[in-house]
Amino acid sequence: MPYSNLSVFAPELSLCGLAILVLVADLIVPRAWRRLPAGLAAVGLVVPLYFVARLWQKAPQSEFMGAYAIDGLSGAFKILLLVTGFLVILLSFDYLRKLQRGYGEYFALLLFSLTGMMLLTGAADLIVIYLAFEMISLSCYVLTGYMKRDPRSNEAALKYFLYGAAASGVMLYGISLLYGLGGSTRIIDIAARFMASGPAAAVAVQPAFLQSALVQAGVPELYVMRLAGLMMPLAVVLVTVGLGFKIAMVPFHAWAPDAYEGAPTPITAFLSVAPKVAGFALILRLLLVWYPELMGHWPALLASLATITMFGGNLWAIRQTNIKRMLAYSSIAHAGYLLIGVVVAATNSMGLHGIIVYLVAYLFMNLGAFAIVLLVARNMDGEEISDFSGLYHTAPALAAVMIIFLLSLTGIPPTAGFLGKLFIFGAAIGSGEWAWLAVVGIINSAISLYYYMNVARVMYFGKPGEQVLTVCPAGVVVVAVVCLLGTLGLGLFPGLIIKLIQQCV
Amino acid sequence: MILPPVGLLHYLILSVCLFCFGLLAVITRRHAIGILLGIELMLNSANINLVAFSHFLSPPHPVLDGQVFALMVIALAACEAAVGLAIILRFYRQTTVTDVADAKLLKW
């Protein structure tokens, strides 16, 4: 196969081109038009979105000799990523104006990291997975430290970088072992090799090179089998560490609260949604291709990680006083709920649909909450929960909208969050084996009610501050309205989105 | 005494040792650049694995995948070091230390 069909790669190519265009436009336009690149970035996202939508209707295929997959699953995730990117760009306009730093590199980095995420959703080759992983991470480190005069932003970037680089090193070691065991970098070929030798593959597969090498070196036969059998689980665990870092899973979450608190708020909103979407896309692809031959015990491992992720995120969130930090821990807890869906998805397509519905809901409610945080922080000059004190008296509409997002994050009807939780917990109960996870999830939703409603309590019963809301940047208001419509629309008319997802995925 | 030829196993043992040293450095070092060095060791241990597997894999499989992968990793390690050093430098300018124990503005 000499040439690959580049048209299936159009969304990523156009997005990457847009990023370069933004970077160049920032260099050549006169100072008075400095905001042009920002507008270009927002409007230009329509092009990749168009290509993704067009490819979505076609039959699944894989290109570049099986290294890149285009199917309904990756299409759905790509649309989610592009919508997130668009909303985050709208959130950023006013923030950057206040920051008085360059526009071009900010939006270019945002688009580059978005390109990496799109690549990750379709990656079907270990090399592509690693490259996309690094493309996302490197741009996100720089964006986190974008406020270079703010010591908190610097510290956040330092911590994010050190954790991130270590996690990617661990994951790369796992990937190198997988390559050795599977004899190929294509995930489908690795699966085929294991499939050929039956479910007891972990031991039976390596004979050709590994076992003979061990025997040659004088290692007793018994130990040879045992060593070879250990390598596969080790590789899977190491890869799980890297993935767990990306979606902020306990115990690999330590970077998240610090990075979220120190980063510019629009970037915090971006980090809380986009890498999770991309990470879950990859987890699902690995699971669908590799289960059960390579990853027989993966669902059980993920189920225990999901449990500690939910409890950890929710319990730590209770004691937070900074709203960004609280939302960081809440996003960790949401990763836990989503992991329930992954565990179920191994055997049941209900879990798969549940994850996508949940991610759509999470996108709207979380970005909406961050839009309100941005509006309040812009006027109060602070991001503490106490800055929301008495918001009901100074800006009743804003307080009401925030309540809706908080209710949705808790999972109370008739909001999108309820629909997402209904799907995921429903799938868990339906699977029988994992019903206990749904119980854990419901207990955790009850815990989360406490800290979400604490914000509501402060807004309604707290003493109003001196300041009134005077600045209402158009971009942020638009995002808040869109997210409100999404949150309520999904909750009140769930039929549309469910039909669309069941059709395409 | 005739030593046996260097085989896959020797490379694997070397890479495991290198990986463990790297991980140890990441965990115990308090200097940000020391941690960065540990991370580079981990990346290079994976490179040894990739190249060794690529060399010893049986013929019907594509032989060069691992070597190409290793080249990619080397390039990315350089990018990562560039971004990392820039971030560490900004941190140093502001706090005049590179000890990560002093990064305590953001806690719990």
Side-chain angles (χ1 to χ4, degrees), chain A residues 126-127 130-131 134-135 137-139 141-142 144-145 148-162 164-166 168-177 179-181 183-186 189 193 208-210 212-214 216-219 231 257-259 261-262 316 319-320 325, chain B residues 4-5 7-10 12-13 15-16 19 22-23 26-27 32 35-36 38-43 45-50 52-54 56-58 60-62 65-66 68-70 72-73 76-77 79-84 86-88 90-91 93-95 100 102-108:
Chain A
L126 296 177
I127 301 183
Y130 182 68
L131 286 178
E134 289 292 296
M135 195 165 172
S137 304
L138 289 178
S139 333
Y141 302 149
V142 180
T144 304
K148 62 178 188 180
R149 310 230 174 277
D150 180 353
R152 293 153 71 87
S153 181
N154 281 326
E155 189 180 314
L158 181 72
K159 286 179 173 169
Y160 189 17
F161 169 74
L162 291 176
S168 85
V170 170
M171 190 176 89
L172 182 67
Y173 197 79
I175 286 180
S176 75
L177 289 181
Y179 167 68
L181 295 173
S184 168
T185 56
R186 310 262 182 283
D189 290 350
R193 183 156 176 191
F209 61 102
L210 188 65
S212 62
L214 292 170
Q216 258 175 29
V219 181
M231 265 173 82
D258 291 347
E261 188 182 343
W316 268 310
R319 46 177 294 186
Q320 302 308 322
R325 219 172 162 78
Chain B
L8 179 63
L9 186 70
H10 301 94
L12 290 184
I13 290 172
S15 92
V16 167
F19 181 77
L23 198 60
V26 169
I27 293 168
I35 297 176
L36 192 58
I39 291 165
E40 296 292 320
L41 275 186
M42 284 158 71
L43 293 181
S45 71
N47 272 346
I48 292 177
N49 259 354
L50 289 171
F53 279 135
S54 180
F56 287 98
L57 277 185
S58 43
H61 297 286
D65 277 12
V68 173
F69 199 163
M72 300 260 185
V73 173
L76 273 173
C79 299
E80 204 165 67
V83 170
I87 289 172
I88 293 172
R90 277 311 313 173
F91 181 73
R93 288 264 171 81
Q94 228 134 42
T95 54
V100 287
D102 285 308
K104 51 191 175 192
L105 279 173
L106 308 165
K107 246 185 169 176
W108 291 109

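So that the names make sense, note that chain A is the first sequence line, chain B the second, and so on, each numbered from 1. The figures that follow rest on heavy atoms only: side chains count, while hydrogens, waters and symmetry mates do not.
- Contacts of B:Glu80 with chain A are made by both backbone and side-chain atoms, with heavy-atom separations under 4.5 Å.
- The two atoms that bring B:Asn49 and A:Ser176 nearest to each other are ND2-OG, 3.0 Å, heavy atoms only.
- One N or O on the side chain of B:Arg90 and one on the backbone of A:Lys148 form a donor-acceptor pair closer than 3.5 Å.
- The parts of A:Tyr141 that come within reach of chain B are both its backbone and its side chain, each placing non-hydrogen atoms under 4.5 angstrom from that chain.
- Both the backbone and the side chain of A:Leu126 have a heavy atom closer than 4.5 Å to some heavy atom of chain B.
- Nearest approach of A:Leu162 to B:Ala32, heavy atoms of both residues: CD2-O, 4.2 Å.
- Heavy atoms closer than 4.5 Å to chain A are found nowhere in B:Ile48, neither backbone nor side chain.
- Judged by distance alone, the side chain of B:Gln94 and the main-chain N or O of A:Arg149 form a donor-acceptor pair under 3.5 Å.
- Heavy atoms of B:Ser15 lying under 4.5 Å from chain A belong to its backbone as well as its side chain.
- For the atom pair CG of A:Asn154 and CD1 of B:Ile88, the computed distance is 12.0 Å after rounding to the nearest 0.5 Å.
- The distance from atom CD1 of A:Ile127 to atom CZ of B:Phe69, rounded to the nearest 0.5 Å, is 5.5 Å.
- Side chains of B:Ile87 and A:Tyr160 form no contact here, defined as non-hydrogen atoms less than 4.5 Å apart.
- Between the CG atom in B:Asp65 and the CZ atom in A:Arg186 there is a gap of 6.0 Å [rounded to 0.5 Å].
- B:Ala77 pairs by the side-chain contact (heavy atoms from CB on, under 4.5 Å) definition with B:Glu40, B:Leu43, not counting sequence neighbours.
- Below 30°, between 30° and 60°, or above 60°: for A:Tyr173 and B:Phe19 the angle between ring planes is below 30°, a parallel geometry.
- For A:Tyr179 (side chain) and B:Gly66 (main-chain N/O), a donor-acceptor pair under 3.5 Å exists by modelled atom type.
- Residue A:Tyr130 holds its OH atom at 5.5 Å from CG of B:Leu76, rounded to the nearest 0.5 Å.
- A:Leu172 and B:Val73 make their closest contact through CD2-CG1, 3.4 Å (heavy atoms, listed as atom of the first residue, atom of the second, distance).
- Note: A:Ala166 leads A:Ala166, A:Gly164, A:Gly145 in heavy-atom pairs under 4.5 Å with chain B.
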